[in-house]
Amino acid sequence: MKTFEYERATSVRSALTSLGTPGTKPLAGGTNLVDLLKLGVERPDLLVDINRLDFGGIEPTDDGGLLIGAGVRNSDLAADLLVRTRFPLLAKALLSAASGQLRNMASTGGNLLQRTRCTYFMDTTKPCNKRDPGSGCPAIPGASRELGILGVSNDCIATHPGDMAVALTALGAIIHVDTLDGPTSFEIGEFYRLPGADPTRDTNLPAGALITAVEIPGLPFGAVSTYRKARDRASYAFGLVTVAAALDVEDGIVRDVRIALGGVSHKPWRASIAEESLRGKLVTARSFEAAADAELAAATPTEQNAFKVALAKRMLVGTLHELAGGHE
Amino acid sequence: MSIDAPAVLGEPIPRLEGRQKVTGEALYAYEYRADEVLYAWPVQSTIVTGRILRLHTDVVLAMTGVVEVLTHLNAPKLADGDDGELLVLQSDRVAYRGQVVALVLATSIDTAREAAAALDVDYQNDGLDVELSAEHPKLYAPEEVNAGFATDSEQGYVDAAFATAAFTTDEVYTTPALFNNPMEPHATLAAFDGERLDVRDSSQGTSSVQQTLSTMFGLDPANVRVRSEHVGGGFGSKGSPRPNVILAVMAARVTGRPVKIAYTRQMMFALAGYRTPTISHVRLAANADGRLTAISHQSYTQTSTIQEFAEQVAEPSRHLYAAPNRLMTHRLAALDVPTPRWMRAPGEAPGVYALESAMDDLATVSGIDPVELRIANEPDVDPESGTAFSSRNLVGCLRRGAELFGWAERDPRLGIRRDGRFLVGTGVAAGMYPAMTSASGARVRALPGGRYELGVNATDIGQGARTVMAQIAADALGVPVSAISVDLADSTLPKGPVAGGSSGTASWGWAVTKACERLRSELAAGAPVPPEGYEVEVETSVDVDAMAPLARFAFGAHFVEARVDLDSGEVTMPRMLGVFAAGRILNARTARSQFLGGMTMGLSMALHERGELDAVLGDYANHDLATYHVAANADVRDLRVEWLEEEDRQLAPMGGKGIGEIGIVGTAAAVASAVRHATGVKVRDLPIQPDRLIGQLPPRFL
C-alpha cells in the first residue's frame with residue numbers, strides 16, 4: 001500500500017491546521033478508513049490521529065435532548081442510560097451495527113463519515129464514479145442487490161451503510177463541525193447528500209473540517225421508538241433495509257411520527273412523505289401501508305433490488321405496528 | 001510394550017496441538033522466517049478473456065525495493081502438471097477475470113503490494129461468456145465427472161413411469177457459486193538450496209504438492225520437500241496444489257532467494273477454487289404409497305476454459321433411494337470463469353440438496369410424512385451397483401432424530417404457526433457421503449524407554465488428524481497417547497493421501513495400525529529396544545485393494561426448526577439437530593466439531609452464502625467476507641449432534657467412515673423444508689434470503 005505520514009493531533013486547532021492540506025485525512029476509530037487504505041481506495045499522504053482529542057462525553061441538554069462528543073465510541077453510546085431511555089432507537093441502531101469489536105473502536109464522528117460500501121467502490125480494478133469520476137457505474141447493470149432504490153442517479157446507486165445515522169436522521173440530529181474559519185453546524189438531512197451528477201462526496205462537510213459533536217434535539221415521544229434491520233445474516237452485515245421510527249399516539253390517532261429508512265439511498269432517508277401522510281390518521285395497518293406506499297412511490301429500483309420496495313414497506317408497517325403497541 | 005494401556009480410540013482427547021494454536025506458537029506456512037526472503041504479490045487480470053499486449057514493468061522495476069517482475073515473457077517454462085490453473089505465466093492468454101498475469105517480487109510486503117497495484121497492463125479484450133444456464137449452448141457431456149464417476153446413467157424408462165405415477169414432482173433447484181474461505185488463506189514459503197527445494201505450503205496433502213512440483217519444474221522428487229505442519233482449514237480448496245505454490249517456487253528459482261506468497265481474502269475468490277453454481281432438474285414419480293417409481297436428476301454446472309472440473313452433482317442420487325426407472329446426467333459448460341474445484345462434499349452438498357428438496361416436494365404433493373416417505377424408499381442394496389451396503393443406517397438416523405426432535409407432534413399443515421410476527425416450521429432431510437479409503441504409508445519407531453515416534457503423511461487441517469493418529473497408534477501399540485510423538489504433513493514421510501473426501505483418517509489410520517501391529521509382532525514381548533530404536537515402515541495398497549466390493553456410505557438425518565420474520569423475510573434457525581451413522585467415532589470431541597462445522601456450513605449454504613455474478617465485468621462482485629456472507633455466531637443457535645453406534649467390519653480396521661463432509665450434506669434441504677412448513681413458500685434457489693421470500697409471504701395483518 002501507499003506510504004503515508006502519521007501525526008497525532010494535540011488540539012482541535014492543530015488537527016484543523018493539518019487537515020487544511022489536501023491529501024490529509026483524520027483518523028478516529030479507523031474501522032472504515034483502514035479498510036479503504038488497504039484496498040487502495042483511500043490514498044492519503046497524511047493521517048491525523050484525533051483519538052487523543054477531548055470532544056466531550058454524553059451530556060443531557062436543557063430541551064430533553066443529548067449532546068454527544070464526536071469521540072464517543074459506539075459501544076459507549078449504545079450503553080448510555082440517557083440514550084437508552086430517551087432514544088432507544090439510537091441504542092438499538094448502534095447495537096445492530098458491525099460487531100462488538102468494531103463498535104468498541106468506532107467513534108460517533110467517524111461513524112457518520114463512513115464511506116459507501118458498494119462492492120464496486122471498494123474494488124479499484126473496476127470503474128466507479130464515486131472513486132473515479134466519469135468512469136461509469138457498473139453497479140447499475142451489475143451486482144446491485146444491496147444498493148439504492150430512492151434518490152439514486154444514473155451515476156451512482158450506492159447506499160449509506162450506517163445504522164447510527166439512520167436513527168439520528170429520524171431524530172433530526174444536528175452535526176456540529178469545526179473549521180479553521182470557526183464552528184458551524186448542519187441538520188443531518190442537510191449534512192448527507194444525494195449522488196446526483198457528483199457522487200464523489202457523501203456529505204456536505206467542508207474540506208478540512210472536523211465533526212466535534214452531535215446534538216439530538218429533545219423529542220418527548222423519543223422513548224417510544226425502535227430500530228429494525230433486515231439483513232443477510234444476524235450479525236455483521238449491512239442492512240438491506242432498516243427502519244428507525246418514533247411514534248406519538250393519542251386516542252388511537254397519530255399525533256406525531258418520525259421515520260428514517262436505511263439501506264435504500266445514498267443518504268439515510270428521512271421518510272417525510274410517510275410522516276406527513278400519517279399525522280392525524282387512525283392507527284391502523286391500512287394507514288401505515290398507505291404511508292409506506294406514498295413514501296416508496298418514488299422508488300426506482302434495479303431488477304436485482306426491486307425486492308427492497310416490498311421489504312421496505314413490510315419493515316416500515318411492521319415497525320410502526322410494534323410502536324403502536326400492536327398485538328398480533 | 002508388554003503393558004496394555006486402556007484403549008483411547010473414541011475418547012474425547014483434546015487436540016495435541018491445541019495449546020500451541022491458541023497461543024500462536026503453532027506456525028503456519030507464511031509465518032516461517034527465511035533470510036533474504038522476497039515477498040511475492042500477484043497481479044490479476046482486469047479483463048475476462050483476451051491477450052496481454054504489454055506489461056509496463058519498467059515503471060514497477062524502478063520502484064525502490066522491487067527485485068523482479070515475472071510475466072509470461074520471462075517466467076520459466078513449466079511442464080504440464082495436469083491442471084491448467086497451475087500453468088501460471090505461461091502464455092499471453094487470459095481466460096478469466098482475476099487470473100494471474102504477473103508476479104511482483106520485492107523486499108517488503110507493502111512494496112510488493114503497492115508495486116503490483118502500479119503495474120499497468122495493456123490488453124486485447126475478447127469479451128466474455130460467464131453466465132451458466134441449463135440452456136447454455138456450450139453445454140456438453142464430459143467423459144467422466146469428479147472422482148471418476150460416470151457422466152450419465154440410465155435404467156428403465158423414466159418418462160413412461162411418469163405417465164402412470166400416482167404422484168410426481170418436476171422442479172429445478174439451484175445453488176449459487178460458493179467460495180471456500182478457510183481462516184488461513186493459501187500461502188507458501190519456497191526456498192532453493194542448490195537443487196534442493198524446501199517448501200512450506202498451506203496444503204491438504206504434501207505428497208501431491210511434492211509430486212506436482214517435481215513434474216512441473218523437472219525436479220528429482222527426492223530433492224523436493226513439502227511441509228504443511230499446521231493448516232488453518234481447507235474445505236478441499238487446498239486439496240491439490242494451487243497457483244500460490246507454483247508462483248512461489250517459480251520466483252524462488254528465478255531469484256535464487258526464498259519467496260513468500262499469501263493470497264488476500266479477495267484473491268481467494270478467483271485463485272483458490274470454488275463450488276460451481278449448480279442447476280438440478282429433478283423429477284420424481286411415486287406410486288400411491290410413496291414408493292419411488294422414477295428418479296431423474298439432470299445437472300448443469302460450469303468449468304473454465306483452461307481446466308475441466310465436472311462436479312458430480314447427480315451422483316448421490318444414484319445411491320440414496322431406489323427406483324426401477326432412473327436417469328442421472330451431468331452437463332458442463334466451459335465458461336470464462338475461474339476453474340471450480342472441490343468444496344466440502346463436492347457433488348453431495350448441492351446434489352443431495354436438490355434430491356432431498358424434491359423428496360420434500362413429493363412429501364407435500366403426496367401428503368405422506370417426509371420421514372416416512374424416506375423410510376418407505378429405503379433400498380435393500382445399493383441401487384447403482386446392486387451390491388450390498390457395508391452398513392446403512394439412514395432409517396436409524398431418521399427414527400432417532402424424529403424422536404429427539406419431537407417430530408411426532410408435528411402438524412403437517414403449511415404456513416399456520418404464528419408466534420408474533422414470526423412464522424414457525426420444521427423440516428427434515430437425509431444426507432449421505434461415501435466412505436472411501438485409499439492406500440497410505442506409515443512408519444513407527446520404538447525408542448528405548450517406552451517412547452514411539454509415529455511418522456504418517458497425514459495433514460491436520462483442523463479436523464484433528466494429529467490427535468487421532470496418536471490415538472490409533474496408542475491403541476495398536478497398547479501404550480498411552482503420551483508415549484507417542486507424531487510427525488505428519490511432510491513429504492519426506494512415507495507417501496500418504498490428501499486430507500480430503502472424508503477419507504484421510506481411514507487411509508492414514510489403516511497404515512498406522514498396520515505399522516504398529518507389525519512393530520509389535522517384530523519386537524518380541526519384553527525384548528529391549530536397541531539403543532538406536534527399532535523402526536518399521538508399511539504401505540497399505542494390498543490391504544485396500546483386498547476390500548470386498550461393497551457400497552460404503554455414511555448417512556445422516558437433519559431436523560431443523562425455522563422462524564421466518566413476516567416483516568423482513570429473514571430466516572433464523574433456533575434448533576438444528578443432526579443424527580449420523582458413520583461407523584465408529586474415533587474421537588468424540590473432534591468428531592463433534594466436524595459434525596457441527598459441517599452443519600454450520602450447511603446452514604450457511606442454506607441461508608447466507610451467494611457469489612453474486614457480475615455478468616458485465618465477469619467476476620463475482622462480492623469477493624470479501626464483508627459482502628460474501630458466511631454464517632456468523634449469531635446465526636447459529638441450538639445446534640445438536642448425535643451419532644448412532646455403528647459397527648461395520650467392512651471398513652479400515654478402526655471401523656470409522658469419515659466425517660469431514662457428511663455434516664453439510666442435506667442441511668440446506670432441511671432448511672428449505674422448514675421454511676416451506678413455516679410459510680407455505682418453497683424456495684428452490686439458494687440461499688433463502690429476504691429477496692427470495694419477501695414477495696411471497698402471507699400478509700402480516702389479516
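None of the values given here were measured: they were computed from a predicted structure.
Residue contact with chain A, scored on non-hydrogen atoms closer than 4.5 Å, involves the backbone and the side chain of Val630(B) alike. Looking at Lys313(A), neither its backbone nor its side chain comes within 4.5 Å of chain B, counting heavy atoms on both sides. Of the two parts of Asp619(B), only the side chain, counted from C-beta on, holds a non-hydrogen atom closer than 4.5 Å to a non-hydrogen atom of chain A. For Leu311(A), the parts sitting under 4.5 Å from any heavy atom of chain B are the backbone and the side chain alike. At a 4.5 Å heavy-atom cutoff, the contact between Arg231(A) and chain B is made by backbone and side-chain atoms alike.
Counted by atom type alone, Thr242(A) and Tyr227(A) present one or more donor-acceptor pairs between their side chains at under 3.5 Å. Side-chain atoms of Thr125(A) and Arg97(B) form a donor-acceptor pair, as typed in the model, at a separation below 3.5 Å. No hydrogens or angles considered: nothing links the side chains of Asn305(A) and Ser144(A) as a donor-acceptor pair under 3.5 Å. Arg115(A) and Asn32(A) form no side-chain donor-acceptor contact under 3.5 Å, judged by distance and modelled atom types alone.
Listed options Gln266(B), Glu612(B), His608(B) were ranked by heavy-atom pairs under 4.5 angstrom with chain A; first place goes to His608(B). Ranking Leu607(B), Asp635(B), Thr46(B) against chain A, the residue ahead of the rest is Asp635(B), based on heavy-atom pairs under 4.5 Å. Note on Leu316(A), Asp123(A), Thr124(A): by heavy-atom pairs under 4.5 Å with chain B, the leading option is Asp123(A). Chosen from Asn633(B), Leu617(B), Thr627(B), the residue pairing most often with chain A at heavy-atom distances under 4.5 Å is Leu617(B). Of the listed residues Thr572(B), Leu697(B), Leu625(B), Leu693(B), the one with more heavy-atom pairs under 4.5 angstrom with chain A than any other is Leu697(B).
Distance alone, capped at 3.5 Å, is enough to place a donor-acceptor pair between the Ser135(A) side chain and the Cys128(A) backbone.
For the pair Arg117(A) and Phe238(A), the cation-pi test (distance below 6.0 Å, angle within 45°) is failed.
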Hey, mind stepping through Trp269(A) and Glu295(A) against side-chain hydrogen bond (donor to acceptor under 3.5 Å, both in side chains) and telling me if it holds? CA-CA 10 Å; Trp269(A) 187 265; Glu295(A) 188 66 49; 2.9 Å; yes

